[in-house]
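Take a look at the structure below.
Just so we're on the same page: letters track the sequence lines, and every chain starts at 1. None of the values given here were measured: they were computed from a predicted structure.
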Amino acid sequence: MIKDNLSSLVERAFEEAVKANELGPIEDPKCPVPIVIEEPKNPEHGDLACGVSLKLAGLARMSPLKIAEALGRQIDFLLPSLPHDSLRRFDIVAPGFINFQLGTAWLNQAIAQVIHQGDDYGRAHLGDGKKVLVEYVSANPTGELHIGHGRNAVFGSCLSNLLSYAGYKVDQEFYINDYGEQINQLGRCCFALYLKQNGREADYPQEGYPEEYLSDFVQQVTDQYKDQYVDLPIDQGGPLIGGLVKDIILQNQKDLLERLGITFDTWFSETTLHKNGEVESVFREFEKHGHTFENEGAYWLRATELGDERDRVLRKQGGATTYLANDSAYHLGKYRRGYDLMINIWGADHHGQVPGLKGAMKALGQDADKLQVILTQIVNLSRDGQIVRMSKRKGTVVMLSEVVDEVGRDAVRYYLAESNPQNSINFDLEIAKKSSKENPAFYIQYAHARCCSILRRALEESLDTESQNINPPIFSAKDMTEMQKSWGDLAQSAQFDDLYDKQDNQIVFHQKALVKRLEAFPAEVIEAARLMLPGRIARYAYDLANDLQKFYEVSRVMTDDLSVSKARLGLIFATRQVLANALGIIGVSAPERM
RNA sequence: GUGCCCGUAGCUCAGCUGGAUAGAGCGUCGGUCUCCGAAGCCGAAGGUCUCGAGUUCGAAUCUCGACGGGCACACCA
């Protein structure tokens, strides 16, 4: 990577400058501050720049400019050790920046690298094969998914893709809360509706789920089984009808998530924890490790000793286990499955539970740092500018399925993937629909399709508008195959010199910008994975598409000069590849035509 | 009341471990297709980075405080 090359160049210059006693009181040849190479906003400041002298000023008790000059002298000596024409020149400017002007060697190498590695370009070893479990969505099987679930789902999916791309071994899991009071409640509600739908009298539970959420699901049961269960007592009918409805809802959620391109490796049922006795055995584990006590007939976790703000009940007075106890059993199981890292993606309204769960893991003797909870902030839905509160009670929720229907999978994914989880999102349905054609997702896809189109056109005959003659195709399919082979040949990367030799500064500028962007992709993947912010990849893809469009505006790919055409086709080929790789991470399709 | 998150253009959001003149999209106004896809490109307008202190060569970025918004504070799940 070019930045790494430059940063190690500056590092060596620093060493030499220290040896030459040019940096005042600094005697350690190891640079005390990280050497960061950055892209200047102003193009007049070169292709890349280093501001390390400014950070060293205090330590060296010298002016930043003097330091930069000292480093510059050493870089001059080191220059011959670099590959031919990798660095064209560098300048020392006030207040102490070192600005680099790139030659062609590294840039050419970057294009060849993209094509050489293809679908794997940008893959990283950051994860080093570590096993990660990403648990997300985990919605209750008591109703449809809403837009908040959608955000959680898209974020989790993108993060999983990203981590996997960065070298982690990722499993994706959906935890089904199919046990306990809420599922009993679901049963009572569904049975009441079932009776009603069969013309019987029934009292709908007052604190139950809104009827309109459930009636369609229950209707499916009614349609299939007619009135054959109407005479069952509530304690049998509830669980039976509730169970049937739960399966329908779950399947419904699965189908919807699949429509969003989300698939889970495991659907983990809470019921299995209870049936296998894992909840009971987690109490024995708590007992072994201490940090628990009894009070007024309840069994407590002394969470205050473990970083929580108050103690938590694990087993209630009546003997029932709490949500935290069940969750502890679930998460202990995750540890035992051997994951190096466990990521939970929760809605921010659950943030209060984080210290409790982490405390429980500590109490069980586990490394709580392996468990990381990412909180996604709320999605504010509006329609025509009117805020729609997502209250389940009032039943005003706009369902995720409606949004996907209206806006489309790719746009929904991009929209929800783009922003960082700690920021709330304002999602106006009317605007989302209206702007769906100018949606960033379309813009990126358009750039991809345009690359494909150019590559296709290279193989087609063309019409000369002046003479009305039909020109034969410039390249044959066989030519294309051979070109692709040579583009990916690292030893032949000098063929891309033709991108920069011509006199038109504007074209050179935009091509260079495009190549620099392609070259930055692997570093971007690593950074995004490190920060666990897949939104960065979405924005990167947008920037790359933008760079392509700007290049395309000022320059033709197919020209009279065959070697230039070849080089530019190679650049387009590489751009298409990186667009596809980036889109793949955020789970947006990369169409060849639109 | 306590804890967590947020506050950047009219709206939606970027801004990398502090760096050069704070950036995009949408919306508004104007320009641009005899030429590989105009779902594009170019330009204009729009900012006290909520406010106030502090840290330092230098703050949208770090610290503290205020204000504003959201969320959470169960032997519920």
Side-chain angles (χ1 to χ4, degrees), chain A residues 33-34 36 38-42 44-45 49 51 54-55 57-58 63-64 93-97 99 140 142 177 179-183 185 270 295-300 309-310 312-318 320-324 326-327 347-355 375 377-378 380 385 415 418-428 431 434-440 442-443 445-447 449-450 452-458 460 462 465-466 474 523-524 527-528 530-531 533 535-536 539 542-543 545-546 548-550 552-559 565 568-569 572 593-594:
Chain A
V33 295
V36 180
E38 52 196 2
E39 283 147 64
K41 284 170 224 153
N42 187 337
E44 284 168 24
H45 295 141
L54 291 89
K55 294 183 206 300
S63 84
V93 293
F97 286 99
N99 294 340
N140 293 336
T142 55
N177 293 108
Y179 185 92
E181 182 45 36
Q182 62 185 345
I183 212 79
Q185 176 77 288
E270 183 185 354
N295 188 30
E296 296 180 1
Y299 188 70
W300 292 72
E309 51 187 16
R310 91 183 135 269
R312 307 274 176 178
V313 174
L314 291 169
R315 195 193 293 281
K316 305 181 226 173
Q317 266 181 355
T321 59
T322 62
Y323 184 82
L324 177 60
N326 303 343
D327 229 21
D349 52 341
H350 291 94
H351 76 259
Q353 297 162 29
V354 177
L375 301 166
Q377 287 293 331
I378 199 168
N380 292 310
Y415 202 93
E418 169 205 48
S419 64
N420 294 338
Q422 73 271 18
N423 288 102
S424 59
I425 294 180
N426 296 297
F427 197 112
D428 190 295
I431 290 173
K434 225 189 307 177
S435 70
S436 68
K437 291 210 163 171
E438 297 111 49
N439 189 287
F442 284 78
Y443 180 81
Q445 291 177 316
Y446 180 69
R450 177 170 260 171
C452 294
S453 172
I454 294 170
L455 290 163
R456 274 196 305 271
R457 287 298 300 263
E460 290 169 1
S462 59
T465 43
E466 275 179 35
I474 299 167
E524 189 59 37
E527 189 66 0
R530 202 176 60 75
L531 299 169
L533 295 175
R536 294 181 66 106
R539 279 172 250 123
Y542 186 89
D543 291 339
N546 188 237
L548 172 77
Q549 302 289 29
K550 286 181 175 173
Y552 174 88
E553 276 314 311
V554 299
S555 164
R556 288 187 60 82
V557 174
M558 306 306 299
T559 67
S565 301
R568 290 186 182 158
L569 267 182
I572 295 296
R593 295 168 204 269
M594 294 177 72

Just need the stems in RNA chain B: three or more back-to-back Watson-Crick or G-U pairs, each with both distances under 3.5 angstrom, sorted by first number. B:1-7 with B:67-73, B:10-13 with B:23-26, B:28-32 with B:40-44, B:50-54 with B:62-66
Taking salt bridge (charged side-chain N to carboxylate O under 4.0 Å, His left out) as the test, write out the residues that go with A:Glu39, two or more places apart. A:Lys3
Return yes if the base of B:A77 and the side-chain atoms of A:Glu270 contain a donor-acceptor N/O pair under 3.5 Å, otherwise no. no
Base, sugar-phosphate or nothing for A:Ala49? Non-hydrogen atoms, less than 4.0 Å. base
If the glycosidic angle sits within 90 degrees of zero it is syn, else anti. Tell me which applies to B:C5. anti
Show each protein N/O and nucleotides 16-18 of chain B N/O combination with a separation under 3.5 Å, one pair to a line.
residue, atom, partner, partner atom, Å
B:C16, O2', A:Glu527, OE2, 2.9

Say we look at B:G52 and B:U8: how far apart would their P atoms be, to the nearest angstrom? 16 Å
Residues in ring pair (Phe, Tyr, Trp, His ring centres under 6.0 Å) with A:Phe427, at least two apart? A:Tyr415
Any N or O donor-acceptor pair linking the side chain of A:Asp327 to the base of B:A77 at under 3.5 Å? no
All N/O pairs under 3.5 Å across the protein-nucleotides 45-51 of chain B interface:
none

Can A:Tyr542 be called stacked on B:G25 when the rule is centres closer than 5.5 Å and an angle between planes below 30°? no
Regarding A:Ser555, tell me which of base, sugar-phosphate or nothing describes its non-hydrogen contacts under 4.0 Å with the strands shown. base
Mind checking salt bridge (charged side-chain N to carboxylate O under 4.0 Å, His left out) for A:Glu309 and listing every partner two or more places apart, or none if nothing turns up? none
B:C5 and B:A9: how far apart are their C1' atoms, nearest whole angstrom? 24 Å
NA contact type, A:Ala449, heavy-atom cut-off 4.0 Å: base, sugar-phosphate, or nothing? base
With rounding to the closest Å, how many angstrom separate the C1' atoms on B:A14 and B:G23? 7 Å
Under 4.0 Å, counting only non-hydrogen atoms across every strand here, what does A:Ala57 touch: a base, just sugar-phosphate, or nothing? nothing
Nearest-neighbour nucleotide for the A:His45 side chain, B:A20, B:G40, B:G25 considered: B:A20
Residue whose closest nucleotide on RNA chain B lies nearer the 5' end, A:Ala545 versus A:Pro421: A:Pro421
Need one value for A:Gln353: base, sugar-phosphate or nothing, where a base atom within 4.0 Å counts as base even if backbone is also close, heavy atoms only. base
Between B:C71 and B:U56, how many Å separate the two P atoms, rounded to a whole number? 40 Å
Taking B:C11 as the reference, what is the distance to B:C51 when you measure between their C1' atoms (whole Å, please)? 23 Å
With sequence neighbours excluded, what pairs up with A:Asp349 under the salt bridge (charged side-chain N to carboxylate O under 4.0 Å, His left out) test? none
With A:Ala298, which residues qualify under side-chain contact (heavy atoms from CB on, under 4.5 Å), at least two apart? A:Trp300, A:Val313
Mind checking if A:Glu296 touches a base, just sugar-phosphate, or nothing, with heavy atoms under 4.0 Å? base
Dump every N/O contact between nucleotides 10-12 of chain B and the protein below 3.5 Å, one line per pair.
residue, atom, partner, partner atom, Å
B:U12, OP1, A:Asn426, ND2, 3.4

Please work out if A:Arg539 contacts a base, only the sugar-phosphate, or nothing of the nucleic acid, heavy-atom cut-off 4.0 Å. sugar-phosphate
Have a look at A:Arg312 and say if it touches a base, only the backbone sugar-phosphate, or nothing, with a 4.0 Å heavy-atom cut-off. nothing
Would you measure the distance from the P atom in B:C26 across to the matching atom in B:C57 and give it in whole Å? 43 Å
Going by the rule side chain to side chain donor-acceptor pair (under 3.5 Å), which residues pair with A:Tyr446 if we only count those two or more places apart in sequence or in a different chain? A:Arg450
Residue list, side-chain contact (heavy atoms from CB on, under 4.5 Å) with A:Glu527, at least two apart or on another chain: A:Arg530, A:Leu531, A:Arg536
Distance between the C1' atoms of B:G15 and B:A59, in whole angstroms? 13 Å
Closest to the side chain of A:Asn420, out of B:A24, B:G15, B:G70, is B:G15
Say we look at B:A60 and B:A53: how far apart would their P atoms be, to the nearest angstrom? 14 Å
side-chain contact (heavy atoms from CB on, under 4.5 Å) against A:Asn546, all qualifying residues, sequence neighbours excluded: A:Tyr443, A:Lys550
Indicate, with a heavy-atom threshold strictly under 4.0 Å, whether A:Asn546 touches base, sugar-phosphate, or nothing. sugar-phosphate
A:Asp349 near the nucleic acid: base, sugar-phosphate alone, or nothing, with a heavy-atom cut-off under 4.0 Å? sugar-phosphate
